[in-house]
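In this chain, residues are counted from 1 in sequence order. When a ligand or atom number is given, it counts from 1 through the structure's own listing order.
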Amino acid sequence: MSDDMIDVTILRREDHAAGIAVFELARPDGAPLPAFEAGAHIDVQVADGLVRQYSLCNAPGGTDRYRIGVLDDPNSRGGSRGIHRDFAVGSTVRISAPRNHFPLDPAAERSLLVGGGIGVTPMLAMAHALRASGKPFELHYCTRSRDRAGFLEELAQDFPEQLRLHFDDGAADQRFDPAACFAGLPAGVHLYVCGPTGFMDWVIGAAKAAGIDGGRIHFEYFNADIDTHGAAFEVVAKRSGVTVRVAEDQTILDALAKAGIKIPKSCEQGVCGTCLCDVIEGEPDHKDKFLSDEEREDNDQIVVCCSRAKSARLVLDV
Ligand code: FES
């Protein structure tokens with residue numbers, strides 16, 4: 001979690017039929033918030049020691065408020081459930097400044113935005129930004145059924161030309177078919193994907209199979225089910241001058257914390273990138289859902305809340 005947290009007031013809460021609550025957050029005194037770009041997210045402190053990340057879904061450019069959409073997830077580890085239960089209009093909550101690990105690529109000539117379920121939220125900000133810049137795009141919104149889709153009215157109103165809706169329980173010809181969608185795409189087309197893990201793996205796999213190179217596939221996972229266990233190894237924290245052993249059932253993050261080395265962390269699921277560290281020596285065993293294929297191959301960074309080592313020893317710049 002960021003050290004520079006901002007106190008904001010909940011100005012408005014809208015509960016969509018789909019179990020999605022949409023919140024508008026502003027500084028209590030109305031002062032501007034830090035500017036953000038499409039794809040950015042903020043940390044939201046749900047309770048003591050419980051922080052979650054949410055994409056900003058309002059049009060970038062405005063600094064008077066942030067807007068986030070939160071799905072009441074039945075498998076919640078406390079985050080979304082707590083927000084749905086406790087976040088009421090008028091209450092004060094703590095958030096971080098926006099960070100963006102999922103930016104639009106200015107080189108894209110055309111963009112395909114693919115949002116699964118609540119993964120549509122960053123796509124809303126992206127769609128606003130692309131329309132403001134006059135760049136062509138399509139927004140594919142995939143959900144299990146129409147009644148599980150939030151934002152439908154505003155999407156239909158704001159992006160009538162670009163919106164494509166896909167419901168799993170709808171007619172076969174409107175279901176999302178990534179292989180057909182990605183076949184023969186010209187080189188200037190970039191793909192942006194966000195949604196549940198299985199959905200993202202499916203869409204990204206189809207994009208790769210269609211020959212779209214990794215540099216044109218942009219994604220942001222918001223949760224992941226990662227097995228962090230594996231063989232023990234040694235980690236040298238070079239700047240701190242400390243060496244620790246990471247046990248089979250321990251993460252690098254935990255082993256370093258035990259030795260008094262505190263690495264910033266947030267999701268602890270390998271999706272947000274907060275705990276990313278530079279690797280000086282050794283070969284990481286990447287298990288995260290944050291780094292791109294190219295970044296993994298470089299082997300000079302590691303997400304220490306979940307990844308391990310292929311080598312017996314890793315030297316980190318911490
Ligand atoms: S804390 Fe989020 S990726 Fe490690």
Side-chain angles (χ1 to χ4, degrees), residues 1-5 39-56 68 70-71 73 75-80 82-83 94-103 118-119 121-122 193-197 200-201 204 218-230 233 235 237 240 244 246-247 249-279 282 284-310 314 316-318:
M1 185 173 69
S2 161
D3 289 335
D4 302 317
M5 298 297 274
H41 69 271
I42 53 171
D43 289 347
V44 176
Q45 185 164 6
V46 184
D48 271 354
L50 186 60
V51 174
R52 292 290 179 264
Q53 292 74 42
Y54 294 98
S55 298
L56 296 176
I68 57 170
V70 181
L71 175 70
D73 180 357
N75 301 316
S76 168
R77 293 181 299 145
S80 65
I83 289 180
R94 308 201 88 196
I95 62 170
S96 71
R99 285 195 300 273
N100 199 353
H101 301 311
F102 191 35
I118 194 65
T121 48
V193 193
C194 186
T197 306
M200 293 192 53
D201 290 345
I204 292 168
H218 311 271
F219 55 83
E220 184 162 70
Y221 283 82
F222 48 71
N223 58 30
D225 192 11
I226 296 171
D227 181 3
T228 60
H229 295 75
F233 54 98
V235 166
S240 314
V244 296
V246 181
D249 58 352
Q250 199 178 29
T251 63
I252 300 175
L253 187 76
D254 291 339
L256 289 174
K258 243 182 145 180
I261 300 169
K262 210 174 147 201
I263 308 286
K265 62 176 184 176
S266 188
C267 70
E268 294 185 70
Q269 287 192 294
V271 295
C272 74
T274 307
C275 66
L276 193 66
C277 294
D278 287 336
V279 176
D285 182 7
H286 298 290
K287 291 175 177 280
D288 63 278
K289 294 281 190 184
F290 177 75
L291 295 172
S292 66
D293 288 349
E294 288 76 13
E295 288 168 331
R296 281 160 190 267
E297 278 161 23
D298 288 345
N299 272 340
D300 57 0
Q301 296 181 97
I302 184 168
V303 171
V304 293
C305 67
C306 63
S307 294
R308 304 189 67 83
K310 286 184 179 162
L314 276 184
L316 304 184
D317 187 19
V318 295

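Those atoms of ligand 1 with a heavy atom of Glu268 less than 4.0 angstrom away are 1 (S), 2 (Fe). Numbered from 1 in the order shown, with element, the atoms of ligand 1 that lie under 4.0 Å from a heavy atom of Cys272 read 1 (S), 2 (Fe), 3 (S). Near Val303, meaning under 4.0 Å from any of its heavy atoms, are these atoms of ligand 1: 3 (S), 4 (Fe). For ligand 1, the atoms closer than 4.0 angstrom to any heavy atom of Gly270 are 3 (S).
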(Q) One pair to check against salt bridge (charged side-chain N to carboxylate O under 4.0 Å, His left out): Lys289 and Asp201. What are the steps and the verdict? (A) CA-CA 10 Å; Lys289 294 281 190 184; Asp201 290 345; 3.2 Å; yes

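Nearest heavy-atom pair, Ala309 versus Phe233, reported as atom, atom and distance to 0.1 Å: CB-CD1, 3.4 Å. Here the closest non-hydrogen pair linking Gln301 and Val279 is C-CG2, 3.7 Å. In terms of heavy-atom proximity, Arg308 sits nearest to Ala247 at NH2-O, 2.9 Å.
In this structure, atom 3 (S) of ligand 1 lies nearest to the protein heavy atom Gly273 N, 3.2 Å.
Checking Cys267 against atom 4 (Fe) of ligand 1, every N/O/S atom stays at or beyond the 2.8 Å cut-off. Here Cys305 reaches atom 4 (Fe) of ligand 1: one of its N/O/S atoms is less than 2.8 Å from the metal.
Heavy atoms of Val271 come nearer than 4.0 angstrom to ligand 1 in at least one pair.
With rounding to the nearest 0.5 Å, the separation of OG1 in Thr197 from CD1 in Ile204 is 10.0 Å.
Applying side chain to side chain contact (heavy atoms under 4.5 Å, CB included) to Ile252 and the options Val304, Val318, Val303 leaves one that passes, Val304.
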